[in-house]
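This structure is a prediction, so every number in the text was calculated from the model and none was measured. We name chains A, B, ... by the order of the sequence lines, and we start the count at 1 in each one.
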Number of protein chains: 2
Amino acid sequence: MAGRSGLFFVSPLPAVAGRSGKGAGQAGLGPAPLNPQRTVGVCGYGPYLAGRAAPTGRFTRSCPFIVSTPVSTHRASISDLAAQLNLSVSTISRALSDHSSISDATKRRVWELARQLNYQPNQLAAALRKGRSNTLGVIVPHIDGHFFALVLKGIENVANQAGFNVMICQSNENAAHEKKNLDTLLNAQVEGILVSLSLTTKDVRHFEDVRRRDLPLVFFDRIPESPQVSAVVLDDYQGAYQAVEHLIGQGCRRIAHIGGPQHLNICRNRYRAYRDALQAHGLPYDEHLVYFCDLTLPDGLQAAEVLLGRNAPFDAVFAANDLAVAGAMQVLRAAGRRIPQDVALAGFSNELFTLLTEPHLTTVDQRCEEMGRTAVRLLLDMVADQTRQLPPRQIVLQPELLVRASSQRLGE
Amino acid sequence: MAGRSGLFFVSPLPAVAGRSGKGAGQAGLGPAPLNPQRTVGVCGYGPYLAGRAAPTGRFTRSCPFIVSTPVSTHRASISDLAAQLNLSVSTISRALSDHSSISDATKRRVWELARQLNYQPNQLAAALRKGRSNTLGVIVPHIDGHFFALVLKGIENVANQAGFNVMICQSNENAAHEKKNLDTLLNAQVEGILVSLSLTTKDVRHFEDVRRRDLPLVFFDRIPESPQVSAVVLDDYQGAYQAVEHLIGQGCRRIAHIGGPQHLNICRNRYRAYRDALQAHGLPYDEHLVYFCDLTLPDGLQAAEVLLGRNAPFDAVFAANDLAVAGAMQVLRAAGRRIPQDVALAGFSNELFTLLTEPHLTTVDQRCEEMGRTAVRLLLDMVADQTRQLPPRQIVLQPELLVRASSQRLGE
DNA sequence: TTGAAAGCGCTAACAG
DNA sequence: CTGTTAGCGCTTTCAA
């Protein structure tokens with residue numbers, strides 16, 4: 001199939017194989033031959049260091065990596081056990097799964113041999129036979145960045161606890177890629193799918209296949225606009241509303257907004273909350289104070305520049321994410337604005353770095369892990385429901401406003 | 001048996017001939033291309049909002065999510081196709097994989113029906129039969145945080161291009177968990193494994209199983225101390241050495257170090273480079289200027305406090321990672337130290353947030369994606385080698401020092 | 001160019 | 001308590 005391009009694209013330094021420089025009992029140097037007969041030993045070796053000589057020796061540590069001859073490359077199967085014990089494969093199978101109808105004596109024998117032969121069950125075969133892959137699929141826009149990483153952690157925890165593996169796909173914010181991801185998951189026979197839409201997904205018909213197969217499907221965070229789907233989301237509206245209200249409470253009257261792509265539910269809701277909060281407090285909406293972008297760091301920088309250039313004074317910025325507001329802060333400070341005295345700032349997502357900026361950033365926590373856990377629980381409920389008749393459910397998590405120095409103009 | 005702790009990380013499979021799709025009559029041969037589809041219903045619905053009433057309607061967008069009754073929940077298999085076309089399963093199988101010995105006419109009929117029935121090959125069955133799962137396994141300490149996320153991205157790219165899926169496990173910095181991860185991967189019949197050791201892994205004997213089975217194994221970044229393994233690492237020594245040398249070049253004479261756990265090769269090498277660089281430039285090593293910890297944010301805060309409290313003046317800090325130095329910076333500034341005039345700072349890893357602090361942090365780039373790509377290429381070479389005789393290789397990537405404001409005391 | 005048949009490793013009736 | 005048997009869906013000889 002796809003060619004394996006075996007070229008190594010490595011930096012100048014040639015590969016260092018079996019480099020040493022240590023005094024300790026070095027076994028093999030250089031291209032170590034395979035099958036060094038049962039060398040069960042301690043070996044130390046130098047650091048991967050280029051150039052400089054190093055006062056080594058004292059930094060090595062013992063390394064009990066056993067190098068034993070591969071006894072047999074053959075993977076023990078259930079029938080190997082059966083043959084060796086003069087039992088039938090079904091007995092072995094049952095013994096291994098601790099079936100009640102197998103005598104303790106037999107079980108013990110089986111387990112012992114399994115241990116000796118280092119038997120590992122073949123999940124593929126079991127899944128094929130049982131018709132259950134014990135695997136869930138997830139499609140996320142990307143994996144780098146705080147939010148999805150934490151959601152995935154939540155998903156993994158609950159799923160694993162329930163005995164499921166999780167297969168992850170990244171759509172790279174690309175709708176076509178997302179579609180392929182879906183095929184991949186279907187081919188892998190996953191038992192249910194979790195999805196957070198890509199930035200460029202404006203058409204969700206590719207999820208119809210899933211539906212047609214009665215395969216449980218749950219969206220989270222970035223979801224399509226249909227009450228017919230099951231979904232878990234944060235109450236972005238609420239979080240944003242609170243953030244803006246907080247800024248108003250600090251005496252801000254001209255609050256700017258850096259918003260994200262409006263076809264995404266999350267960005268739209270944050271923007272809407274911004275408008276509503278202003279209105280609820282009798283403040284006018286001024287479109288000169290609003291800037292839409294993709295919320296990257298460069299976008300944040302540019303947003304601040306544009307806002308400053310518009311000649312529409314503002315005393316606060318609420319951005320739809322933390323990165324944008326962090327970028328904006330740099331530009332604002334460079335322009336001589338004091339934070340929060342001149343301009344108060346609030347972001348969204350509670351990224352780790354909001355505690356690394358000076359001042360720390362006010363933000364809204366998204367309950368990442370909880371979102372993951374909730375979504376997978378919902379999915380597992382659907383998977384467990386044989387009838388496939390469960391009505392779609394939508395679950396809304398409550399965010400938490402975290403007030404920090406970037407927005408505190410009054411004594412707390 | 002082995003606990004489930006797997007996260008599969010997958011992406012588009014190599015095109016499977018006769019991929020589904022609906023829409024107008026696709027005539028073409030070969031892997032059916034994505035198809036343009038017509039819009040079908042439109043439905044709008046309110047936002048997931050709790051509490052406040054919202055001026056809905058204007059913010060909804062069209063949603064062509066089709067709600068159709070599940071026609072048949074039965075997944076079409078190869079034998080269904082065979083039955084309907086009066087062909088044998090083997091012919092179908094061959095046609096689907098575009099085998100040369102099948103007539104074009106037959107292929108066309110097969111593909112067409114496959115499309116109609118929305119046939120999706122069962123990977124499990126294929127893998128079982130072929131004895132090849134087309135899956136690689138990866139064990140990382142965690143998935144949140146810049147570094148591993150990017151390495152994984154690199155791994156995914158290359159692996160997918162070569163037609164492999166990737167299964168990810170997180171050890172959560174826990175050696176016991178790492179062991180379970182390994183079982184999970186073995187059970188899933190992966191064809192090769194990539195590992196970056198957990199913080200608490202001091203004994204690597206559990207990888208012996210892998211070796212005994214002749215399963216290709218490549219370590220990256222955090223690796224065991226043995227020349228017998230294949231590994232890809234950054235030249236941490238070189239990167240740290242350059243960073244410290246840079247600080248010296250800026251006029252710093254009393255440079256402190258915040259170091260990580262010394263049983264990890266990466267931390268040890270950074271520390272060693274720190275000492276060597278000092279020595280090479282005739283500066284004394286003073287243990288009062290060194291603080292070891294786990295390099296978290298709180299650790300960084302504490303490190304600075306301890307260093308300040310020791311009454312051993314210092315004019316620079318080189319930390320083994322960015323988080324620690326970012327934390328230290330906060331404490332130092334709070335204590336009235338100007339950065340970089342009083343204390344110059346340098347970290348390690350090139351985290352995104354190094355561009356969000358004030359001033360920006362000098363750091364060392366780790367070539368994350370390249371590390372992932374390189375590691376998986378090495379692994380794929382081993383997988384491709386039927387003989388299993390390839391000698392272990394170690395590849396060293398060169399880091400890049402990124403000088404930023406936190407350490408620039410002289411005009412560039 | 002197509003078909004028949006034999007499994008991959010495991011599970012689960014159904015019988016003893 | 002244990003064994004026999006029949007597949008899960010697919011690939012792959014070997015024959016036609």
Between [N] ([atom2]) and [X] ([atom1]): distance, integer Å:
{"X": "Ile92(A)", "N": "dT11(C)", "atom1": "CD1", "atom2": "C1'", "result": "14 Å"}
{"X": "Asn122(B)", "N": "dC8(C)", "atom1": "CG", "atom2": "P", "result": "18 Å"}
{"X": "Asn86(B)", "N": "dT2(C)", "atom1": "CG", "atom2": "C1'", "result": "13 Å"}
{"X": "Lys130(B)", "N": "dG9(C)", "atom1": "NZ", "atom2": "P", "result": "16 Å"}
{"X": "His99(A)", "N": "dT11(C)", "atom1": "NE2", "atom2": "C1'", "result": "11 Å"}
{"X": "Leu85(A)", "N": "dT2(D)", "atom1": "CG", "atom2": "C1'", "result": "13 Å"}
{"X": "Leu81(B)", "N": "dT11(D)", "atom1": "CG", "atom2": "P", "result": "12 Å"}
{"X": "Arg132(A)", "N": "dA12(C)", "atom1": "CZ", "atom2": "C1'", "result": "15 Å"}

Under 3.5 Å: donor-acceptor pair, side chain of Thr184(B), backbone of Lys180(B): yes
Any idea which of [options] is nearest the [X] side chain?
{"X": "Val89(B)", "options": "dA5(C), dC1(D), dC8(D)", "value": "dA5(C)"}
{"X": "Arg94(A)", "options": "dG3(D), dG9(C), dC10(C)", "value": "dG3(D)"}
{"X": "Arg129(A)", "options": "dG3(C), dG7(D), dA13(C)", "value": "dG7(D)"}

Ignoring backbone atoms, test whether [X] places a side-chain nitrogen or oxygen under 4.0 Å from the OP1 or OP2 oxygen of [N].
{"X": "Thr106(A)", "N": "dT2(D)", "value": "yes"}
{"X": "Ser88(B)", "N": "dT2(C)", "value": "no"}
{"X": "Ser93(B)", "N": "dT11(D)", "value": "yes"}
{"X": "Thr91(A)", "N": "dT2(D)", "value": "no"}

Does a distance-only test, which skips hydrogens and angles, find a donor-acceptor pair under 3.5 Å between the side chain of Arg75(B) and the base of dG9(D)?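 Side chain to base: no pair below 3.5 Å.
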hbond_proxy Ser90(A) side chain to dT4(D) base (donor-acceptor, 3.5 Å cutoff): yes
Under 4.0 angstrom, heavy atoms only, what part of the nucleic acid is Ser77(A) near: base, sugar-phosphate, or nothing? sugar-phosphate
Check every strand shown and say whether Leu87(A) touches a base, only sugar-phosphate, or nothing at a heavy-atom separation below 4.0 Å.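 Here Leu87(A) touches the backbone only, sparing every base.
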Lys/Arg N to Asp/Glu carboxylate O, Arg205(A) vs Glu208(A), below 4.0 Å: no
